[in-house]
Amino acid sequence: MALEQIREKLDCIDEQILALYEQRMEFCEQVGKDKVKTGKKVYDRKREEEKLAVLNEKTVNEKNRKGVRELFEQIMSVSRKLQYQILGEHGVYGKTAFIQLEKLESENARLVFQGTEGAYSQQALHKYFGDSKNSFHVDTFRDAMEAIEEGSADFAVLPIENSSAGAVSQVYDLLVEFENYIVGEVVLPIHHTLAGIPGTVFSDIERVYSHPQGLMQSEKFLSEHRNWQQISVENTAVAAKEVLKVGKHSEVAICSEYAAELYGLEVLAQSINNSENNSTRFIVVTNQKVFLKGAKKISICFEIPHESGSLYHLLSHFIYNDLNMTKIESRPIEDRNWEYRFFIDFEGNMSDSSVKNAIRGLRDETRNLRILGNY
């Protein structure tokens with residue numbers, strides 16, 4: 001048979017498949033309306049597995065078994081999404097318990113950041129809230145989360161990812177552990193400087209202090225000064241503070257210009273980090289389930305069965321509802337080997353019907369779905 005004849009046959013078959021698909025979806029729509037009345041769950045995993053097993057047995061050509069399963073998994077997945085949409089049209093959504101606000105009550109809020117005076121986190125705090133006097137710092141990210149959970153602070157500012165170093169995994173884990181929620185974000189350009197006590201010259205320098213990432217991000221600059229001893233400290237502001245405390249021309253810090261100015265250090269070299277486009281994204285976290293009316297990004301996390309295709313099928317909820325996913329991260333689940341928790345950011349507002357539909361579907365088809373915030 002010639003290629004053109006084969007293509008004509010395929011076109012004919014495709015038309016039949018299309019007609020049958022549309023007929024099937026009409027019945028699925030009726031199923032959805034019935035579930036509005038009865039309150040039955042959309043996702044019936046047991047029934048779907050039984051049906052797939054029957055279809056597998058009826059498949060004549062062994063080569064087609066995997067393809068048939070994937071085809072019908074997709075058909076059933078689209079059927080569920082249509083049913084979620086119908087439930088949404090009838091006002092049947094899963095409860096999120098988030099309250100929409102016109103603005104954050106932050107004028108007299110108590111603010112907390114991790115680090116010490118002069119830390120990049122403090123800069124991010126000032127960039128988001130303005131030059132607030134009502135702020136304090138703590139030693140660890142956990143301390144900051146505990147402060148807002150127990151009410152000694154209203155908002156915490158925490159780094160979540162760096163454009164060159166990647167995700168701050170500890171903060172992701174703490175978002176799962178604590179009942180705290182993201183209400184804002186701020187992106188801070190990172191410009192490391194080399195700073196020492198006034199009068200320091202390069203020939204004096206023997207030791208350089210910084211956070212491990214500050215040292216790593218300035219690797220190219222430091223490679224030109226291999227005789228300098230590199231000393232890791234808790235953060236870049238601590239490095240500046242240590243240089244001031246020692247008070248010797250032989251000691252310098254890699255820190256922000258903000259920290260250098262705060263501790264009275266002289267900037268010896270500016271923008272020494274490897275990448276000129278280095279930025280850190282900080283999140284603003286509170287212990288209330290709230291989101292702003294104009295919020296445009298949603299962060300969620302969930303667990304999935306350790307099975308082939310699980311993530312593939314779940315991500316289709318974003319495609320079906322025309323939602324743009326902007327980020328995905330995974331973290332291992334403690335005490336469960338080779339199982340992972342996924343963190344996803346996508347565009348939208350929790351008042352949008354498309355977002356409600358997607359979250360409803362994800363809640364039914366994942367384990368331990370959590371909305372981490374809309375901001």
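- Using a distance-only test at 3.5 Å, with no hydrogens or angles considered, a donor-acceptor pair links the side chain of Asn180 to the main chain of Met145.
- At distances below 3.5 Å, not a single donor-acceptor pair connects side-chain atoms of His225 with backbone N or O atoms of Phe202.
- Residue pairs meeting the side chain to side chain donor-acceptor pair (under 3.5 Å) criterion with at least one member in residues 229-241: none, sequence neighbours excluded.
- Residue pairs meeting the salt bridge (Lys or Arg N to Asp or Glu O under 4.0 Å) criterion with at least one member in residues 161-172, sequence neighbours excluded, are Glu161-Arg281, Glu161-Lys327.
- Of the possible polar contacts, none joining the Ser310 side chain to the His306 backbone as a donor-acceptor pair under 3.5 Å is found.
- Proximity of a side-chain donor or acceptor of Ser256 to a complementary backbone N or O of Ala259 within less than 3.5 Å is detected.
- Side-chain contact check for Ser354 and Asp352: no donor-acceptor pair (N or O, by modelled atom type) lies under 3.5 Å.
- In terms of the salt bridge (charged side-chain N to carboxylate O under 4.0 Å, His left out) criterion, Glu224 has no residue partners (sequence neighbours excluded).
- Using modelled atom types, one finds a donor on one side chain and an acceptor on the other under 3.5 Å when comparing Gln74 with Tyr312.
- No chain of hydrophobic side-chain contacts below 4.5 Å, direct or via other Ile, Leu, Val, Met, Phe, Trp or Tyr residues, connects Tyr84 to Val31.
- Considering only residues two or more places apart in sequence or on other chains, Tyr209 meets the ring-ring contact (aromatic ring centres under 6.0 Å, His included) condition with none of them.
- Heavy atoms from other residues, nucleotides or ligands lying under 6.0 Å from CD of Gln100 number more than 12.
- Side chain to side chain, Gln270 and His192 fail the donor-acceptor criterion of an N or O pair below 3.5 Å.
- Other residues, nucleotides and ligands contribute over 12 non-hydrogen atoms within 6.0 Å of the CD atom of Glu150.
- Annotation: salt bridge (charged side-chain N to carboxylate O under 4.0 Å, His left out) contacts of Arg331 (sequence neighbours excluded): Asp173.
- By the ring-ring contact (aromatic ring centres under 6.0 Å, His included) test, Tyr320 is found to be paired with no residue, residues two or more places apart in sequence or in another chain being considered.
- Remark: Glu15 engages no residue in a salt bridge (charged side-chain N to carboxylate O under 4.0 Å, His left out) (not counting sequence neighbours).
- Considering every non-hydrogen atom in both Ala237 and Thr116, the closest pair reads CB-CG2, 3.5 Å.
- Note on Arg80 versus Glu48: salt bridge recorded, some NZ/NE/NH1/NH2 to OD/OE distance being below 4.0 Å.
- Looking only at atom types and distance, the side chain of Thr59 has no donor-acceptor partner in the side chain of Asn56 under 3.5 Å away.
- Counting heavy-atom neighbours within 6.0 Å of Asp11 CG, excluding the residue itself, gives a total above 12.
- Residues Ile371 and Ile300 come closest through the heavy atom pair CA-CG2, 4.1 Å.
- The backbone N or O of Leu323 lies less than 3.5 Å from no partner atom in the side chain of Asn321, so there is not a single donor-acceptor pair.
- More than 12 heavy atoms of other residues, nucleotides or ligands lie within 6.0 Å of CD in Glu303, so this atom counts as buried by the packing criterion.
- Within the 3.5 Å criterion, the main-chain N or O of Leu55 finds no donor-acceptor partner in the side chain of Arg69.
- Side-chain atoms of Thr193 come within 3.5 Å of backbone atoms of Cys255 as a donor-acceptor pair (strictly under, hydrogens ignored).
- Side-chain heavy atoms closer than 4.5 Å link hydrophobic residues (I, L, V, M, F, W, Y) into clusters, and following such links, even through other members, never connects Leu265 to Tyr258.
- A donor atom on one side chain and an acceptor atom on the other are found under 3.5 Å apart for Asp345 and Ser299.
- With hydrogens and angles ignored, the 3.5 Å screen pairs a side-chain donor or acceptor of Asn374 with a backbone N or O of Met350.
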Checklist line | Derivation and outcome, side-chain contact (heavy atoms from CB on, under 4.5 Å), residues Val138 and Phe136 | finding: CA-CA 7 Å; Val138 291; Phe136 64 98; 3.9 Å; yes
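- The shortest heavy-atom contact between Asn349 and Lys293 is ND2-O, 3.1 Å.
- Taking a 6.0 Å sphere around CD of Glu177, one finds it holds more than 12 heavy atoms contributed by other residues, nucleotides or ligands.
- Listed by chain and residue number, nothing satisfies the ring-ring contact (aromatic ring centres under 6.0 Å, His included) test with Phe178 (two or more places apart in sequence, or in another chain).
- Listed for the Asn162 side chain is no donor-acceptor partner under 3.5 Å among the backbone atoms of Asn278.
- With respect to Glu70 and Lys66, no salt bridge is recorded, no charged nitrogen being found less than 4.0 Å from a carboxylate O.
- Partners of Glu57 under the salt bridge (charged side-chain N to carboxylate O under 4.0 Å, His left out) rule, at least two apart in sequence or in another chain, do not exist in this structure.
- A side chain to side chain donor-acceptor pair (under 3.5 Å) check over residues 21-30, counting only residues at least two apart or in different chains, returns nothing.
- Ion pair Arg45/Glu307 flagged as a salt bridge, since at least one NZ, NE, NH1 or NH2 atom sits closer than 4.0 Å to an Asp/Glu carboxylate oxygen.
- A chain of hydrophobic side-chain contacts below 4.5 Å, direct or via other Ile, Leu, Val, Met, Phe, Trp or Tyr residues, connects Phe291 to Phe346.
- Residues Trp228 and Val243 do not share a hydrophobic cluster, clusters being chains of Ile/Leu/Val/Met/Phe/Trp/Tyr side chains in contact below 4.5 Å.
- Under a 4.5 Å side-chain heavy-atom cut-off, the cluster of Ile, Leu, Val, Met, Phe, Trp and Tyr residues that includes Val157 is completed by Ile99, Leu101, Leu104, Leu111, Phe113, Tyr120, Leu125, Tyr128, Phe129, Phe155, Val183, Val186, Leu188, Ile190, Phe282, Val284, Val290, Leu292.
- Using a 4.5 Å cut-off between side-chain heavy atoms of Ile, Leu, Val, Met, Phe, Trp and Tyr, with links allowed through other members, Val78 and Val42 fall into the same hydrophobic cluster.
- Looking at residues two or more places apart in sequence or on another chain, you find a ring-ring contact (aromatic ring centres under 6.0 Å, His included) between Tyr181 and Phe98.
- One side chain, Ser79 or Gln83, offers a donor N or O that lies under 3.5 Å from an acceptor on the other.
- Comment: Glu179 does not engage Lys289 in a salt bridge, judged by the lack of any side-chain N to carboxylate O separation of less than 4.0 angstrom.
- Of the possible donor and acceptor atoms, none in the side chain of Glu347 sits under 3.5 Å from a partner among the backbone N and O of Lys297.
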